[in-house]
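Start at 1 and go down the list; that is how both ligands and their atoms are numbered.
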Amino acid sequence: MKHLVTALVFTLGLGAASASAENIDKRQTLVITEAQREHVLEEMRSLLSGIQNILAALARDDMAAVAQYARPLGMGMKAKSEDHLKGALPKEFMQLGMSVHSDFDRIAAAAESSKDPKHTLRQLGETMNKCVSCHASYQIRAESRTLGVKDGAQHHKH
Ligand code: HEC
């Protein structure tokens with residue numbers, strides 16, 4: 001049964017390239033400008049590399065470094081991106097993003113005050129649920145590119 005499903009997905013993938021890909025991907029598509037998309041993805045990559053630095057610091061029990069890496073991911077980062085996005089993304093999306101940023105301020109503060117690596121790990125685990133749930137719900141496409149894909153994929157007219 002599992003093989004059958006895999007074969008089906010594979011066949012669909014080869015057969016109707018981008019049209020079927022859109023159907024298989026159930027995430028809500030947010031369309032913004034290329035510059036805005038690049039800005040969001042850059043912020044995402046900073047979140048990932050910040051977390052990597054935090055984990056490495058935790059492994060060394062270096063709580064000062066934990067705070068130092070967590071702080072730039074806090075609300076200060078958020079304030080900068082508001083400028084670029086200017087209401088281009090839905091409210092729920094922005095609120096989830098905002099709560100991630102405020103979590104990192106809290107992670108930085110707790111690292112400085114309680115200096116308990118286990119506590120930081122728990123906080124990180126909870127915050128990362130938000131990364132997971134947002135990624136399960138949304139994808140982002142740039143305006144021009146979305147049009148380009150559609151034009152290229154649909155040669156026939158109805
Ligand atoms: C409010 C929603 C939201 C939250 C919260 C969120 N992300 Fe994302 N992230 C996205 C979206 C949307 C994309 C683009 C997905 C797509 O278009 O396929 C993305 C993409 C990424 C990428 C890929 C970047 C690239 O260059 O392609 C990384 C890495 C990433 N996120 C890391 C994280 C981490 C780590 C967290 C949590 C600390 C996080 N994100 C929280 C929405 C979110």
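Residues H39 and E34 fail the side-chain proximity criterion, which asks for heavy atoms closer than 4.5 Å. Looking at heavy atoms from C-beta onward, R141 lies out of side-chain contact with I32 at the 4.5 angstrom threshold. When side chains are defined from C-beta on, Y138 does not count as touching L89, because their heavy atoms never get closer than 4.5 Å. P72 places none of its side-chain heavy atoms less than 4.5 Å from the side chain of M77. F104 has its side chain within reach of L124: a pair of non-hydrogen atoms, C-beta onward, lies under 4.5 Å apart.
Contact between T127 and ligand 1 is absent, with no heavy atom of the residue lying under 4.0 Å from the ligand. Within the structure, ligand 1 has K130 among the residues with a heavy atom less than 4.0 angstrom away.
Take atom 8 (Fe) of ligand 1 and draw a sphere of radius 2.8 Å; the protein N/O/S atoms inside it number 2.
Within the listing of ligand 1, atoms 1 (C) sit less than 4.0 angstrom from a heavy atom of G97. Close approach of ligand 1 to R27 is summarised as follows: ligand atoms under 4.0 Å from at least one heavy atom of the residue are 15 (C), 16 (C), 18 (O). For ligand 1, the atoms lying closer than 4.0 Å to a non-hydrogen atom of I51 are 35 (C), 38 (C). Atom numbering of ligand 1 starts at 1 in the shown order; those under 4.0 Å from a heavy atom of Q139 are 16 (C), 17 (O), 18 (O). The atoms of ligand 1 that sit less than 4.0 Å from any heavy atom of V100 are 5 (C).
Between Q139 and R27, the shortest heavy-atom contact is NE2-O, 3.2 Å.
In this structure, the protein non-hydrogen atom closest to atom 17 (O) of ligand 1 is I140 N, 2.8 Å. If you check which protein heavy atom lies closest to atom 26 (O) of ligand 1, you get R45 NH1, 2.6 Å. In this structure, the protein non-hydrogen atom closest to atom 14 (C) of ligand 1 is L41 CD2, 3.8 Å.
Judged by distance alone, with hydrogens and angles left aside, the side-chain atoms of K115 form a donor-acceptor pair with the main-chain N or O of E112 at under 3.5 Å. A donor-acceptor pair is defined here as one N or O able to donate and one able to accept, closer than 3.5 Å; no such pair exists between the side chain of H119 and the backbone of S114.
Interatomic distance, I140 CD1 to Q28 CD, rounded to the nearest 0.5 Å: 11.0 Å.
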| said: Test salt bridge (Lys or Arg N to Asp or Glu O under 4.0 Å) on R45 and E38; report intermediate values, then the result. | reply: CA-CA 10 Å; R45 295 192 291 271; E38 185 46 35; 2.9 Å; yes
Only distances under 3.5 Å count here; give the side-chain donor-acceptor pairs of residues 52-70 to other protein atoms, sequence neighbours excluded, each with its distance to 0.1 Å.
residue, atom, partner, partner atom, Å
N53, ND2, S49, O, 3.2
D62, OD1, A64, N, 3.4
D62, OD1, A65, N, 3.1

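Heavy atoms of R141 found under 4.0 angstrom from ligand 1 belong exclusively to the side chain.
Using a cut-off of 4.0 Å between Lys/Arg side-chain N and Asp/Glu carboxylate O, R37 and E42 are scored as not salt-bridged.
For atom 23 (C) of ligand 1, the protein comes within 4.0 Å by no heavy atom at all.
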